[in-house]
Every structure is written in structure tokens, then in C-alpha cells.
Asker: 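Quick one: structure below, then a few questions.
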There are 2 protein chains.
Amino acid sequence: MTAEEILTKAGVRPTHVRDAVLKRLYEAGCPLSHGEIAAHPGMKRYDRVTIYRTLYTLEGAGLVHTVQGIDGAWRFCAHPPDRTGCPGNHPHFLCLKCGKMQCLTGQRLPWVEVPERVRVKGKQLVIYGICTACGTAEERNKNK
Amino acid sequence: MTAEEILTKAGVRPTHVRDAVLKRLYEAGCPLSHGEIAAHPGMKRYDRVTIYRTLYTLEGAGLVHTVQGIDGAWRFCAHPPDRTGCPGNHPHFLCLKCGKMQCLTGQRLPWVEVPERVRVKGKQLVIYGICTACGTAEERNKNK
DNA sequence: AAAAGAATTGCAACTCAGTTGCATAAATTT
DNA sequence: AAATTTATGCAACTGAGTTGCAATTCTTTT
Ligand SMILES: [Mn+2]
Ligand SMILES: [Mn+2]
Ligand SMILES: [Zn+2]
Ligand SMILES: [Zn+2]
């Protein structure tokens, strides 16, 4: 199923930006920040605000889930629909060095007890540290 | 044990700001954002940057633990030492309406499996929604 | 097909949290 | 007391995200 069809099916008009952003997220396979998306060559011709609004539209349509990096920037993540929704209720890992985030799929978010009469709207579990790539790069540097 | 003594024991000089900020956090008993701290009457005479630096000093000394609200602002939390450290490895709840955060002590953060060779430095679990106070206020509004 | 209406995009200006550089003011050390 | 170190204040800056409004582009109606 093409990105355009997915957009239509989700009830949003398949405009250029939307198609481009959704494709970009599918290709990345990991959560991207607005900055990372906007920096991509193919995105240069769209306004930063438009990209923000596009991301929120995709989120509203249920095609994208969001997580916050502890660096203060939100990440947006989408997986093709054949991967059964990937609703986003899994932990995420953020590398403090390169800023890349990964979905830790295959694990569910834990059940958390909240005080009486508190209405829970969502939750997010972010693990942070140094990713494999950055870690080995560091090793190499030390040994030289 | 007074805040001043606690500071000294933790190896930082007990200056005015540090004493004031630590006391404020103790009194609050819940994580406060920089903004919430700076807004307090007794804090007006300190520069905002000084308050930031003070918070980082306290964090470095192990007297304060930090969590990020999904509203983009960090919270700083401290508990008197008799409460055996309260190391901060518990979930936190953030109210999207009033912005207040609460420690969900009594629950530990879950163990999370990470990819091979990833070095974990920390993790945080944030639950968000509407707190009891804001929820009941909403109810009252509906019924009038 | 033309006109009217609705949704989308671009641009400029703005907010808000946090940071950086540097000068001044304490403390500490010598 | 002088030299050195540490803490504070002030101004300017960065970076993520938001808001308002005008210009486009679609879609629907006539
Ligand atoms: Mn994810
Ligand atoms: Mn806490
Ligand atoms: Zn990395
Ligand atoms: Zn509340």
C-alpha cells in the first residue's frame, strides 16, 4: 500500500508534504525530530511550520506516535500499516551523543498505579545513554 | 538536620540561594519547574540564571533528582535525607492542566531490555493526564 | 466552466526554556 | 593583605515550538 493510499484511508488529504513526511518516517523506521525531518534534502522546499502542522495532522490521524527526547525535542515515528499498527506503547531509547532514538518494540509499557480519581491520558518511558554506534566510536578514539 | 547542614555534608558551600532553593523543594515535596521555583516571592531576589545553576549544583551533589515534563520543562525534586535518599527511580505523574507534577513513590521503574552494547545512563517514566484537583474542578464546571 | 467556500501552505513575528560569555562580588587560600 | 578560586548578576543568544494572517490550492456549488 502506497503512502498516498494510507493517507486517504486515514481520512486526510494526501498532499505533497504529507506524502513526503510520511514516506520519510517510514524509511527512517525510527522516531525523528522535527529538525531531523526538516534537514533532509527532499524537505527543503517545505516551510518548517508546515512540517510541524503536517506532523500533528499525521498524529491526529493515528499514523504517527510521538515521544519526547530528554533533549527537549519531540520525536515522530511511523511504521507501515502491515506492521499491525505499532501503537507506540513501548519504551524508547535515546542516544545522548548522536541524538538518535530507537523504538524498543517487543516490550510493553508497565502498568502504573496512580492516585485515586486521576485521569491518565498517556505515558512514556524513555531510556537514555550511549548507543552502540557512538559507544564503539568512543572505544576507537580511546585506543588511538 | 537543617538545609545548611545538608548542603555542607553534601560537599557544596551553603550559600543563600542554595539554602533557599533546597528549602523550597523540601517544602513543596513534589517536583517543581525552574519557573515555579523562580516565581516564589522569596526567590525574586535571585537571578534566573543563578537559580538554574543552583539547581544543577544540587543535582550534581545528589540532593535533587530531575524529571522532564512532557510540557518541555524539567522538574527538580528533593526530599529530606531522613527519607532515605528517594533516589528518583520512580514514575512521575504530570497534570496537563495545572502543570503540577507528583512523584509516584512506592513503585520502581521497570527493567527494560536494550539492544546489545548499548550503555544505559538513566530512564524516566512519565504518566500524564488530569490530576484530582483539576478533574473535580472540571466536574463542577459542567454541572453549573 | 465560473464562483464561492473550505482546507492547506508560507511567512513573519513571537513565546518560553535553557545556555553562554563576561564582568562583578564574595569566599578561600597563600 | 594579596592572590586565587568560587559564586552571582546581567545581557545576549539558541532552539523548539506556536500564533496570526495573507496567499494558494482544493473541493463544492451554481
Ligand atoms: Mn516508537
Ligand atoms: Mn520524584
Ligand atoms: Zn548514538
Ligand atoms: Zn492539575
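Lettering of chains follows the sequences in order, A, B, ..., and the numbering in each one begins at 1. Here the structure is a predicted model, which means the values were calculated and not measured.
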Asker: If I take atom CD1 in residue B:Ile70 and atom C1' in nucleotide C:dA17, what distance separates them, rounded to the nearest angstrom?
Answerer: 16 Å

Asker: Give the rounded distance in Å between these two atoms: CG of B:Leu55 and P of C:dA17.
Answerer: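 It works out to 14 Å between those atoms.
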
Asker: How close do A:Cys95 and A:Ile130 get, heavy atom to heavy atom, and via which atoms?
Answerer: SG-CA, 4.1 Å

Asker: What integer distance in Å separates A:Leu58:CG from C:dT9:P?
Answerer: 10 Å

Asker: Taking only the side-chain heavy atoms of B:Arg53 (C-beta and beyond), determine which of C:dC22, D:dG17, C:dT9 contains the nearest atom.
Answerer: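 Out of C:dC22, D:dG17, C:dT9, the nucleotide with an atom closest to B:Arg53's side chain is C:dC22.
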
Asker: Would B:Tyr52 and B:His34 count as a close aromatic pair, with their ring centres under 6.0 Å?
Answerer: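 Close enough - the centres of the two rings lie under 6.0 Å apart.
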
Asker: Which part of the nucleic acid does B:Val49 contact within heavy-atom distance under 4.0 Å: base, sugar-phosphate only, or nothing?
Answerer: base

Asker: Of all of residues 30-47 of chain B, which get a heavy atom below 4.0 angstrom from DNA chain D, listed by number?
Answerer: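 The answer is B:Arg45, B:Tyr46, B:Asp47.
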
Asker: With a 4.5 Å limit on heavy-atom distance, are the side chains of B:Val118 and A:Phe93 in contact?
Answerer: yes

Asker: Where each residue is assigned the nucleotide of DNA chain C containing its nearest heavy atom, which of A:Thr57 and B:Arg75 is assigned the position nearer the 5′ end?
Answerer: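 Its nearest nucleotide lies further toward 5', so the answer is A:Thr57.
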
Asker: Starting at CZ of A:Arg13 and ending at C1' of D:dT27, how long is that distance when rounded to a whole Å?
Answerer: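 To the nearest whole Å, that distance equals 7 Å.
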
Asker: If each of A:Trp74 and A:His16 is mapped to the nucleotide of DNA chain D with the nearest heavy atom, which maps nearer the 5' terminus, i.e. the 5' end?
Answerer: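 It is A:Trp74, whose closest nucleotide lies nearer the 5' terminus.
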
Asker: Side chain of B:Arg18 only, heavy atoms from C-beta on: which candidate in D:dA7, D:dT18, C:dT8 is closest?
Answerer: D:dA7

Asker: Tell me, do A:Leu25 and A:Val21 make a side-chain contact under 4.5 Å, heavy atoms counted?
Answerer: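 A side-chain contact exists here, since the closest heavy-atom pair is under 4.5 Å.
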
Asker: Just to confirm, is there a sub-4.0 Å distance from OP1 or OP2 of C:dA27 to any side-chain nitrogen or oxygen of B:Thr15?
Answerer: no

Asker: Keeping A:Glu36 on the side-chain end and A:Ser33 on the backbone end, is there a donor-acceptor pair under 3.5 Å?
Answerer: yes

Asker: OP1 or OP2 of D:dG9 sitting under 4.0 Å from any side-chain N/O of B:Thr50?
Answerer: yes

Asker: How close or far is atom P of C:dG10 from atom CD1 of A:Ile51, stated in whole angstroms?
Answerer: 9 Å

Asker: Can you find a pair of side-chain heavy atoms, one from A:His65 and one from A:His92, that are under 4.5 Å apart?
Answerer: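 They are in side-chain contact.
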
Asker: In whole Å, I'd like the distance from the CZ atom of A:Arg48 to the P atom of D:dG17.
Answerer: 9 Å

Asker: Would you check if B:Arg119 and A:Glu138 make a side-chain contact, meaning some heavy-atom pair closer than 4.5 Å?
Answerer: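 In contact.
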
Asker: Round to a whole Å and report the spacing from CG of A:Leu7 to P of C:dT8.
Answerer: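 Computing the A:Leu7:CG to C:dT8:P distance gives 11 Å.
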
Asker: Given atom OH of B:Tyr56 and atom P of D:dA7, what is their separation to the nearest angstrom?
Answerer: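 Atom-to-atom, B:Tyr56 to D:dA7, this comes out as 17 Å.
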
Asker: Name the closest nucleotide to the A:Tyr52 side chain, picking from D:dA7, D:dT18, C:dT8.
Answerer: D:dT18

